[in-house]
Amino acid sequence: MTAPLDIAYRPRGRFRSNRIGSHSSSEVGGFGVFRDQTPFLRHPDARRIDVRATLRDPFGETYVRRFEQRQAIDIYAIADLSASMAFGAKFDLMAELCGTLAFSANRVGDRFGLIGCDHALRQDAFIPATASRSLALRAAERLRAARCSGEGARGFLDAAAALGASRRLVFLISDFRWPAELTNGVFAAFAHHDAIPVAIVDSNEERPPRWGLLELVDAETGARRLTAMRPSLQARWIEQERRRLDEISRLAGGRARPPIIVRDRFDALEFGRELAAA
Amino acid sequence: MSGFGVETLWVLAFLPFAVAPLLRSALRASRFSAIDAAPRDGVSRAVAVGLKALGAGAIAASILAAAAPYRAGAEHERIGEGADIVFLIDRSGSMNETFAGRTPAGSEESKASAAKRLLQGFVDRRAHDRVGVVGFSTAPLLLMPMSDHRTAIKAAIDAVDRPGLDYTNIGRGLAMALAMIGSGERDRSRAIVLVSDGAGVIDPRIQDDLRAEMKKANVALYWLFLRTAGSAGIFDEPDPEFDTPQAAPERHLDLFFRSLRVSYRAFEAEGPAATEQAVAQIDRLERRPVRYVEKRPRDELSGLVLGIALGCAVALLLAKLAEVRPPTREQGA
């Protein structure tokens, strides 16, 4: 098995943790990018005394250079294990994405955790944030072993509660076929994290047949609906799917990054580019 | 009014199976991530309801057909315009001649054919009459008993222009016509139409019987006299010394009919046109509302019901053929 490609990511916003890592944080320290100068008494680090600034000061104050401490952030993948994710290749895409994220996170020294949820948290797909490479890399395996069977995605709200208050980088991986009020609630719950919605889309869902009778069974509720496909309805269907993604972006606005859409195929490079842009 | 029934009732015990299509869909279902992806659509909902109805209909109709349904026969009483009419038609030899008294040649029409043509038209115009046809020459001939069967009546009238024979014995013909028309329902208008080209002497003994019968039967009498050119007419008054039933039978028959004290009209026609007028007049006079009974035989409905079942099944088959599935990964790009 070839090693997955790295995904380069950068947390947004100020976070602090107690582990040195590779992301610029709001913590100040003695290494990294220069941040500011401050009186010695506020930051009593004798190794970082700024001689030039101290000599220049007419009042004889001693100054110390402060640097932005680079720290590690916890990365969580919150995976939607409701039954709708079993359609097409969505589940495989999700597992692949989790595996790549776990690999990338460990490479830069971040901790990776996995929370699977459907209508509640799923214990069989839960890995707390860990720096252990082997455990993190097993996340994708754990995820693949889990079955998509749940109904609804209210577990995302529980996951937000489980994450606690400190800021983390959170990938919300789902197809987001949720009621608008749940989507809204989830984005609100994750607002103090750096949340990145990843909408997994199977293009077969967006490509209904032109003519014919289509009897659909909802993967989650088991409800049936007969659809008499015809060109006008096909156009409405495609339009509705397009609008659905727009709606997710709109709901995410201000609280989460704009959603990254993974359609049919997961390309780590492409994903990294979109992540940087998002 | 009309009873519906089935031959084998116990088969209907299977009818509850007809709800099966309501419980399960006949179409192969495709699992989909969320059915809300499919836009809500009125046509689709109508199709769904329609398919369920077709399924239930197909099963119910098949079971019903197996039970052999029928609609019981019934008699409908209807009101129409018409009468009971007996055509009493002269079949004596002279009817084969034209109005000019010759053997018909070329396009000439014999009196019998003219009478036939006009009576056919008469029958055609009057849909609700019951008609009987009696021919007479020396002896009366029952051509057609009272009937409302159009085809039979017309066939009987068709037979009128077969070559006639012998003499004119009106008395016995009238007696047969009267016997045929009988004393039917009171509210029906009844008439005897005598079509002849001559007259005969009615035996005085029969005369009394006829008089009594006519009174009893209360029928209207129309005499359509097809007068041959040159012969004596109904209304000719001969010299008093020749004014006997033997010398002027037409006049005396007319007098006899008048003495019957029933509704009586005589029409003297000297050609096809005049005959037509006379027939039209009779047509006008004999129009009274009548009640008539229409019989409807018992109808087997199995075929119809099976047809419905087949129609439903074919529609379902078409729906099944129109069934599609969402594209899958293998088919997709």
Side-chain angles (χ1 to χ4, degrees), chain A residues 80 82-93 148 151-153 174-180 200-230 232-241 243-244 263-265, chain B residues 17-60 308-333:
Chain A
D80 184 358
S82 65
S84 69
M85 288 298 288
F87 181 81
K90 292 197 284 188
F91 183 69
D92 292 338
L93 289 176
C148 292
E151 190 179 317
S174 171
D175 55 1
F176 290 96
R177 290 192 177 276
W178 299 345
I200 310 267
V201 176
D202 190 316
S203 67
N204 288 326
E205 295 169 344
E206 301 173 324
R207 207 157 39 107
R210 199 168 164 77
W211 289 102
L213 294 178
L214 190 62
E215 173 125 344
L216 298 178
V217 178
D218 194 297
E220 295 185 13
T221 61
R224 281 167 173 254
R225 188 185 296 170
L226 182 70
T227 315
M229 289 309 301
R230 52 194 191 279
S232 66
L233 190 63
Q234 186 196 32
R236 262 173 67 197
W237 183 316
I238 293 169
E239 173 65 18
Q240 183 177 302
E241 283 297 290
R243 273 218 301 271
R244 187 180 73 89
R263 187 179 268 112
D264 294 339
R265 171 179 79 79
Chain B
F17 285 116
V19 300
L22 307 184
L23 306 178
R24 264 195 86 77
S25 169
L27 295 177
R28 196 131 52 104
S30 317
R31 270 179 86 80
F32 205 68
S33 47
I35 51 172
D36 283 328
R40 291 190 177 274
D41 173 41
V43 174
S44 300
R45 207 162 313 144
V47 168
V49 171
L51 283 183
K52 290 211 180 288
L54 279 175
I59 295 177
I308 293 170
L310 183 66
C312 291
V314 167
L316 283 175
L317 190 65
L318 288 179
K320 192 74 185 155
L321 290 176
E323 179 187 287
V324 288
R325 318 205 61 177
T328 57
R329 193 83 174 149
E330 290 74 49
Q331 290 169 325

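We name chains A, B, ... by the order of the sequence lines, and we start the count at 1 in each one.
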Self-check item: CG-CZ distance between A:N204 and B:R325, expressed to the nearest 0.5 angstrom
Solution: 12.5 Å
Quiz prompt | Summary of salt bridge (Lys or Arg N to Asp or Glu O under 4.0 Å) pairs that have at least one residue in residues 29-42 of chain B, sequence neighbours excluded | solution = A:R225-B:D36, A:R230-B:D41, A:R236-B:D41
Exercise. Measure A:E205 against the heavy atoms of chain B and call it side chain, backbone, both or neither at under 4.5 Å.
Key: both
Quiz item: Counting distance only, does the side-chain N/O of A:E220 pair as donor-acceptor with the main-chain N or O of B:S33 below 3.5 Å?
Solution: no
Practice problem: Can you see which heavy atom on A:L216 is nearest to which on B:I35, and at what distance? | Solution: CB-CG2, 3.6 Å
Self-check item: Among the listed options B:A34, B:A46, B:A38, the residue most often paired with chain A at heavy-atom distances under 4.5 Å
Solution: B:A38
Practice problem: Supply the atom-to-atom distance B:R45 CZ to A:T227 OG1, rounded to the nearest 0.5 angstrom. | Solution: 10.5 Å
Exercise. Measure across B:A37 and A:Q240 and return the closest heavy-atom pair with its distance rounded to 0.1 Å.
Key: O-NE2, 3.2 Å
Quiz prompt | Heavy-atom pair count under 4.5 Å with chain B, highest-scoring of A:T221, A:L214, A:V217, A:D175 | solution = A:V217
Exercise. Quick one: closest heavy-atom pair of A:A228 and B:V47, and the distance?
Key: CB-CG2, 4.1 Å
Quiz item: Are A:L233 and B:S44 side-chain neighbours, meaning at least one heavy-atom pair lies under 4.5 Å?
Solution: yes
Exercise. Anything in residues 51-58 of chain B with a heavy-atom distance to chain A below 4.5 Å? Please list those residues in order.
Key: B:L51
Quiz item: Relative to chain B, which of A:E206, A:R224, A:M85, A:M229 shows the most heavy atom pairs under 4.5 Å?
Solution: A:R224
